[in-house]
Number of protein chains: 2
Amino acid sequence: MSKEPADTATKILDVAERLVQARGFNGFSYADVADELGISKAALHYHFPGKAELGEALMERYAARFARALIDVDAREPDAHAKLQAYARLYADVFQDERMCLCGMLAADYATLPDPMRRSVVRFFDDNEVWLAEVLDEGRRAGTLRFTGSAREIARTIVSGLEGAMLVARPYGDTARFQTIADLLIDGLAAETTAPARRGRSAR
Amino acid sequence: MSKEPADTATKILDVAERLVQARGFNGFSYADVADELGISKAALHYHFPGKAELGEALMERYAARFARALIDVDAREPDAHAKLQAYARLYADVFQDERMCLCGMLAADYATLPDPMRRSVVRFFDDNEVWLAEVLDEGRRAGTLRFTGSAREIARTIVSGLEGAMLVARPYGDTARFQTIADLLIDGLAAETTAPARRGRSAR
DNA sequence: GTCTATAGGCAGATAGAC
DNA sequence: GTCTATCTGCCTATAGAC
């Protein structure tokens, strides 16, 4: 399903997305995208008036795609721990050909971003934390996850841990390096036992 | 100590470092630095022939400063857990006025960096992992840290966890957000108890 | 929708005077 | 060491023909 020829706007977004994920928002140009697609820069400006608008469209599509992926995970995985692993797999899937998570990359470029893009980046992290916190609470209620303290704080640790794992593993071009860290985060922080910040009794 | 007037080269490095940490390597220009110091771009080129050389000098100084800081930590903190906390504090100190860790930021810009800078970034992460792994092993031997599995993998999780925490917390301009995650990483991953990846018996 | 042509600005960098 | 002046090239963006 959904394998139509893909119109120009979509092709532009595809190429731009890959370039931003690999090189950052200040590391690619309209010329890069135009050359790769064999069209003129003016054609890009027809579809996206300026780089700011292109960036917004990029974020909008990425966030929507990610939201759909989370709904899929909720539908497919019954267990909270499995949901966390599926969540980490979403990141692992992105971590190909030198790509960062789009929002992780834009978080690095944050100081130079136009305001609408900034808001999208923050919203992305917020949404992810909310989803993760719900999964964590759900797992704790069901007994498949054990942790002490705030689910929201664990959620933040997972988001930033996965973003950081991509950031640091990318220079090594090493998927296994990312995966090992992701496993430690998920299995160590949220499953089986986790040490509370101070003086908590250990689970099990 | 060491509060001499600071020569031009040092002032250039100071300004450039802050700009790179805040805006990324592709988000600042010679003109930015020159304007802020009230000198000409040509003067910058006298001290650092090109942006690549400036970047290398930036990395060199940053790595040396970080290495000294680790030696200080080793000298001041007797306990492995305290060393980890002091290590996290090094990151927290950097996390001011919208700054990222220099190497975290350059990891994001990695695809666009000249080769010598790339090597410096990787070396920085390698050195940090080696130091952390030694602290972790030392703590395990002394009984102040408890974890199962490879110290090197835990070390990688800490490095990327702290880098990711900076990356994600920065858009919120929230130091507490960073600190909470750092505490969870250090106290949860390396102290007291930590769950092994699969089916391990829990410590304590 | 896509093109060519071009504007206008800023990037990194150099020459040569002081 | 630092300056002014300048170069060349790329950047984002627009105008107007097809």
Side-chain angles (χ1 to χ4, degrees), chain A residues 4-59 61 105-106 108-118, chain B residues 4-59 61 105-106 108-118:
Chain A
E4 277 80 62
D7 57 4
T8 305
T10 302
K11 284 192 267 186
I12 292 170
L13 289 173
D14 290 342
V15 173
E17 184 177 81
R18 177 167 41 76
L19 287 173
V20 173
Q21 288 182 276
R23 305 170 54 92
F25 195 68
N26 299 315
F28 87 104
S29 72
Y30 266 41
D32 294 329
V33 180
D35 287 353
E36 190 160 333
L37 290 175
I39 62 178
S40 69
K41 289 182 289 174
L44 265 82
H45 282 285
Y46 170 80
H47 293 282
F48 304 97
K51 218 182 170 184
E53 289 81 6
L54 174 56
E56 290 175 52
L58 243 25
M59 272 304 308
R61 192 179 69 154
M105 184 58 92
L106 293 179
D109 294 327
Y110 195 78
T112 66
L113 294 183
D115 261 340
M117 289 187 70
R118 290 187 179 197
Chain B
E4 277 80 61
D7 57 5
T8 304
T10 303
K11 285 191 266 186
I12 293 170
L13 289 173
D14 290 342
V15 173
E17 184 177 82
R18 177 167 40 76
L19 288 173
V20 173
Q21 288 182 276
R23 305 170 54 90
F25 195 68
N26 300 315
F28 88 105
S29 72
Y30 265 41
D32 295 329
V33 179
D35 288 352
E36 190 161 331
L37 290 176
I39 62 178
S40 69
K41 287 184 292 173
L44 265 82
H45 282 285
Y46 170 79
H47 292 282
F48 304 98
K51 217 182 173 184
E53 288 81 6
L54 175 56
E56 290 175 52
L58 243 25
M59 272 304 309
R61 193 179 69 154
M105 185 57 92
L106 293 179
D109 295 327
Y110 195 78
T112 66
L113 294 184
D115 262 339
M117 290 188 69
R118 290 186 179 197

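Note that the structure is predicted; figures quoted are calculated from it, not measured. Letters A, B, ... are given to chains in the order of the sequence lines, protein chains preceding strands, and every chain is numbered from 1.
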Spatial distance of atom [atom1] ([X]) from atom [atom2] ([Y]) [nearest 0.5 Å]:
X       : Y       : atom1 : atom2 : answer
B:Lys51 : B:Glu56 : NZ    : CD    : 14.0 Å
A:Asp14 : A:Leu58 : CG    : CG    : 9.5 Å
A:Asp7  : A:Ile12 : CG    : CD1   : 8.5 Å
A:Glu17 : A:Phe28 : CD    : CZ    : 11.0 Å

(request) Taking the side chain as every heavy atom from C-beta outward, state whether A:Phe25 and A:Thr112 have any pair of such atoms under 4.5 Å apart. (result)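 With C-beta onward as the side chain, the pair stays apart.
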So which nucleotide from [options] ends up closest to the side chain of [X]?
X       : options                : result
A:Lys41 : D:dA15, C:dG12, D:dT12 : D:dT12
B:Tyr30 : C:dT4, C:dT2, C:dG12   : C:dG12
A:Tyr46 : C:dG1, D:dC3, C:dG12   : C:dG1
A:Ser29 : D:dC11, C:dT14, C:dA11 : D:dC11
B:His45 : D:dT12, D:dT2, C:dT14  : C:dT14

Starting from [atom2] on [N], measure out to [atom1] on [X] and report it in whole angstrom.
X       : N      : atom1 : atom2 : answer
A:Leu19 : D:dC11 : CG    : P     : 12 Å
A:Lys11 : C:dG1  : NZ    : P     : 12 Å
A:Leu37 : C:dC3  : CG    : P     : 10 Å
A:Asp35 : C:dC3  : CG    : P     : 11 Å
A:Asn26 : C:dA11 : CG    : P     : 11 Å
B:Lys51 : C:dT14 : NZ    : C1'   : 18 Å
B:Glu53 : C:dA13 : CD    : P     : 7 Å
B:Asp7  : D:dT2  : CG    : C1'   : 14 Å

(request) Tell me whether the OP1 or OP2 atom of D:dT2 has a side-chain N or O from B:His47 closer than 4.0 Å. (result)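 True: B:His47 side-chain N/O within range (under 4.0 Å) of D:dT2 OP1/OP2.
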(request) With DNA chain D as reference, determine whether A:Phe25 or A:Ala42 sits nearer its 5' end, using the nearest nucleotide of each. (result)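 Its nearest nucleotide lies further toward 5', so the answer is A:Phe25.
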(message) So A:Ser40, base contact, sugar-phosphate only, or nothing? Heavy-atom distance under 4.0 Å.
(response)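 Counting heavy atoms under 4.0 Å across all strands, the contact made by A:Ser40 includes a base.
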(request) Using a heavy-atom cut-off of under 4.0 Å over every strand shown, decide if A:Phe28 touches base, sugar-phosphate, or nothing. (result)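 The answer is sugar-phosphate, as A:Phe28 gets under 4.0 Å only of primed atoms, P, OP1 or OP2.
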(request) Between A:Thr8 and B:Asp32, just flag the one whose closest nucleotide in DNA chain C comes earlier from the 5' side. (result)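 Upstream on the strand: A:Thr8.
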